[in-house]
Protein chains: 2
Amino acid sequence: MNDRPTTTLDQVARAAGVSPSTVSRILNGTARVSEAKRRSVEEAIARLDYRPNVLAQGLARGRSLTIGVLTQDIASPFYSESLKGIEEALAGTGYAPLFVSGHWDAEEESRKVALLVDRRVDGVIVLTGMIPDDALIATAERVPVAVTGRTLAAPHLISIDLDHEAGAYAATRYLIDLGHTRIAHLAGVQGHADARARLAGYRRALQEAGIAEDPALVVDGQFNENGGLDAVNGLLDARVPFTAVFAANDQSAVGARLALYRRGLRVPEDISLVGFDDLPGSLYTTPPLTTVRQPAHELGRLAARVLLHLIDNRPAPALDLPMSLIVRDSAQAPA
Amino acid sequence: MNDRPTTTLDQVARAAGVSPSTVSRILNGTARVSEAKRRSVEEAIARLDYRPNVLAQGLARGRSLTIGVLTQDIASPFYSESLKGIEEALAGTGYAPLFVSGHWDAEEESRKVALLVDRRVDGVIVLTGMIPDDALIATAERVPVAVTGRTLAAPHLISIDLDHEAGAYAATRYLIDLGHTRIAHLAGVQGHADARARLAGYRRALQEAGIAEDPALVVDGQFNENGGLDAVNGLLDARVPFTAVFAANDQSAVGARLALYRRGLRVPEDISLVGFDDLPGSLYTTPPLTTVRQPAHELGRLAARVLLHLIDNRPAPALDLPMSLIVRDSAQAPA
DNA sequence: GACAAGAATGAAAGCGCTTTCAAATTGCGT
DNA sequence: ACGCAATTTGAAAGCGCTTTCATTCTTGTC
């Protein structure tokens with residue numbers, strides 16, 4: 001660019017015949033100012049179309065009015081709901097969210113968090129992720145942090161976790177109560193905490209029902225469509241008998257559903273299917289998917305609110321968010 | 001926060017026994033510096049764990065290294081692909097994207113653009129939207145703008161548009177070539193330019209094929225799942241005969257598909273279905289959706305690249321991106 | 001009507017960095 | 001060994017705003 005006719009606070013001050021301090025005071029309501037000057041300044045602001053430079057304000061005040069948000073994939077149907085929740089919670093507070101993606105890579109996540117810190121964000125929200133606890137605790141020494149998907153306590157750090165184990169238990173239990181005993185599980189990404197917890201819930205439900213776990217029934221679903229597709233194909237090819245599948249997330253459930261469709265297996269008449277997450281789209285799959293609802297949107301909202309409280313040292317609001325089974329049409333009693 | 005032990009460039013300079021200018025020069029490679037000082041400064045930086053304050057840099061240089069991105073809904077499956085493309089194109093350039101959402105409201109879009117300008121972003125990308133052309137041209141006077149979804153020419157403003165009419169024509173033509181003559185169209189949001197263009201393409205294909213347009217066949221699909229669902233239900237309830245539906249976007253196609261499923265109508269055996277957009281999920285619907293591919297990801301990438309070129313006055317790269325019909329399994333010749 | 005207390009205002013320093021400008025250093029030719 | 005140009009370096013002035021501190025102007029009080 002070449003031509004940028006930005007008008008500054010000094011110009012406004014001069015135009016209004018007052019000092020810069022006065023203009024600043026009026027802008028921020030920092031102190032009482034005589035009606036006459038106020039009017040004259042406001043007039044000058046309007047006339048010159050003056051807009052404060054947020055960067056300069058940030059530098060002077062030592063706060064950027066920006067919240068850094070580390071997500072894994074900005075296009076992930078699940079996390080983007082949380083982003084939306086964050087955006088919503090921040091709307092009207094003056095803070096703007098700065099989103100960065102870690103792509104499920106601890107290294108990259110660390111780099112991105114560093115980027116946020118370099119930009120002097122006033123707080124950081126970490127939506128799950130593989131970044132180690134210590135790294136998080138360390139950044140919490142420089143800037144308040146709110147993290148989801150793990151339980152962790154440290155100064156200037158607050159964590160919000162949901163009970164994935166319980167959610168998975170409820171889903172599996174539901175299938176068992178329907179009469180299923182051969183329930184396949186499409187497990188999530190190895191090493192991912194949520195994946196582990198969901199598997200554990202699946203196991204506990206089986207165990208409580210006195211159903212011996214068949215290792216052949218738990219296969220890798222990768223948390224994505226293609227993984228679910230491959231997993232079910234594998235099961236079918238290996239002729240492992242099953243009447244239901246509990247997918248570790250909706251995306252792999254959708255993949256599973258397609259695999260079944262291709263083999264001419266009907267859902268839920270031949271095979272019952274239950275997912276996890278309750279993505280917006282899961283309401284419109286054929287048939288609509290029975291799934292465990294994760295309040296992604298609320299989670300984002302809550303994380304943002306909690307962080308704001310942390311930033312100005314107010315006591316944090318309540319932190320519990322429920323998981324709930326949403327019964328739709330993709331599961332029924334086995335034939 | 002209370003304790004923030006940020007180390008500054010001055011401290012580094014003092015620790016290394018040089019002037020701040022020298023440190024700055026080393027940091028930015030702005031000028032040659034003796035090997036000895038360089039080493040000493042680098043050592044000090046490492047020892048103090050110094051990280052430049054990007055805000056301060058921005059203020060001093062007059063550029064924030066931030067690109068503002070106006071999208072409509074950060075959780076939209078379509079636009080988030082573009083966001084990802086933008087993120088990708090910006091990675092490694094030093095620029096970070098600042099995403100804001102306009103929610104398809106001209107007013108809100110304007111406010112959000114203002115917010116971006118106040119934050120002194122170095123450029124703005126507008127992903128479609130309802131904000132009027134003049135408003136865009138006006139902001140282009142303060143900061144370079146790249147806008148998609150419309151054709152517009154102005155200083156410091158570049159637009160990238162795709163040929164929606166042609167895409168819709170191709171989709172409709174495909175159905176006609178398959179032998180369909182009763183083709184319903186689930187139109188997009190009223191007043192939305194893309195919606196209009198797609199409707200026009202549908203009409204042109206019909207016309208060229210000598211098929212008289214039946215007004216009863218074009219219904220409002222609202223660009224979303226529920227709209228598609230309602231639209232098809234309406235069609236079915238009104239007993240309007242049709243053998244195929246061309247939805248103005250994939251989301252409404254998914255809704256349509258569910259409506260058909262609920263009525264026991266098979267896709268594609270009974271009704272053929274074609275969408276528009278090629279969302280990531282459309283590959284996994286049952287059956288996989290035949291649709292017009294919009295290169296959302298590439299569009300984002302291109303917009304970002306073009307903007308970067310605009311920012312430093314380099315000639316812009318080529319701007320054409322193709323729409324293409326992706327044939328999958330949701331359409332076939334009528335029974 | 002004089003004086004202390006309070007309110008409104010401005011001067012100036014500073015936030016952390018870049019960059020111009022001038023001074024100090026170096027190298028080189030002769 | 002000397003002078004000049006080419007380098008390297010530092011001082012200092014911003015970038016646009018906030019905020020402390022001191023000053024001036026009002027009030028209210030006796």
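Every chain is numbered from 1 and lettered A, B, ... according to where its sequence line falls, protein lines coming before strand lines. What you see is a predicted model, and the numbers here were worked out from it, not measured in a lab.
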field: Intermediate values then yes/no, side-chain hydrogen bond (donor to acceptor under 3.5 Å, both in side chains), A:Arg120 and B:Thr6
entry: CA-CA 10 Å; A:Arg120 296 303 187 269; B:Thr6 10; 5.5 Å; no
- prompt: If you take atom types as modelled and just measure distance, does the side chain of A:Thr22 reach the base of C:dA8 with a donor-acceptor pair under 3.5 Å?
  reply: no
query: Does a sphere of radius 6.0 Å around CZ in B:Arg32 hold more than 12 heavy atoms from other residues, nucleotides or ligands, not counting ones at 6.0 Å or beyond?
result: no
task: Kindly say if B:Gln57 contacts the phosphate of C:dT18, meaning a side-chain N or O under 4.0 Å from OP1 or OP2.
output: yes
message: In whole Å, I'd like the distance from the CG atom of A:Leu59 to the P atom of C:dG14.
response: 14 Å
- line: From NZ of A:Lys37 across to P of D:dC25 the rounded distance in Å is 11 Å
statement: Out of C:dG16, D:dT9, C:dT18, minimum distance to the side chain of B:Thr8 belongs to C:dG16
- prompt: Distance check: side-chain N/O of B:Arg32 vs OP1/OP2 of D:dT7, anything under 4.0 Å?
  reply: no
Rounded distance in Å - CG (A:Asp118) to C1' (C:dG16): 13 Å
- prompt: Between B:Gly17 and A:Tyr50, which is nearer to the 5' end of DNA chain D once each is assigned its nearest nucleotide?
  reply: B:Gly17
- prompt: Does any N or O donor sit under 3.5 Å from an N or O acceptor when you compare the side chain of A:Ser34 with the base of C:dA7?
  reply: no
field: Side chain of B:Ala60 (C-beta onward), nearest among D:dA12, D:dT19, C:dT18
entry: C:dT18
- prompt: Between D:dG16 atom P and A:Asn28 atom CG, what is the distance in whole Å?
  reply: 17 Å
message: Heavy-atom count check: over 12 atoms from other residues, nucleotides or ligands less than 6.0 Å from B:Glu88 CD?
response: yes
- prompt: Under a 4.5 Å cut-off applied to non-hydrogen side-chain atoms, are A:Glu87 and A:Leu83 in contact?
  reply: no
- prompt: For the pair made of CZ in B:Arg61 and P in C:dG16, what is the distance, rounded to whole Å?
  reply: 17 Å
field: Qualifying ring-ring contact (aromatic ring centres under 6.0 Å, His included) pairs with a residue from residues 85-131 of chain B, counting only residues at least two apart or across chains
entry: B:Tyr79-B:Trp104, B:Trp104-B:His192
field: Integer-rounded Å distance: C:dC15 C1' and A:Arg63 CZ
entry: 14 Å
statement: Picking from C:dA11, C:dT18, D:dC17, the nucleotide nearest the side-chain atoms of A:Ser19 would be C:dA11
- request: Using whole Å, report how far CG of A:Leu27 lies from P of D:dT19.
  value: 12 Å
field: Nucleotide of D:dG10, C:dG10, C:dT18 approaching A:Ser21 most closely (side-chain heavy atoms)
entry: C:dG10
- prompt: Is B:Arg39 salt-bridged to B:Glu43, going by a charged N under 4.0 Å from an acidic O?
  reply: no
query: Expressed in angstrom and rounded to an integer, what is the separation of B:Arg14 atom CZ from D:dA11 atom P?
result: 12 Å
C:dG16 base / A:Arg120 side chain donor-acceptor hit below 3.5 Å: no
field: Residue mapping more 5' on DNA chain C - nearest nucleotide basis, B:Arg25 or B:Arg51
entry: B:Arg51
query: Distance check: side-chain N/O of A:Asn53 vs OP1/OP2 of D:dC15, anything under 4.0 Å?
result: no
message: At 4.0 Å (heavy atoms only), tell me whether B:Val23 reaches a base, stays on the sugar-phosphate, or touches nothing.
response: nothing
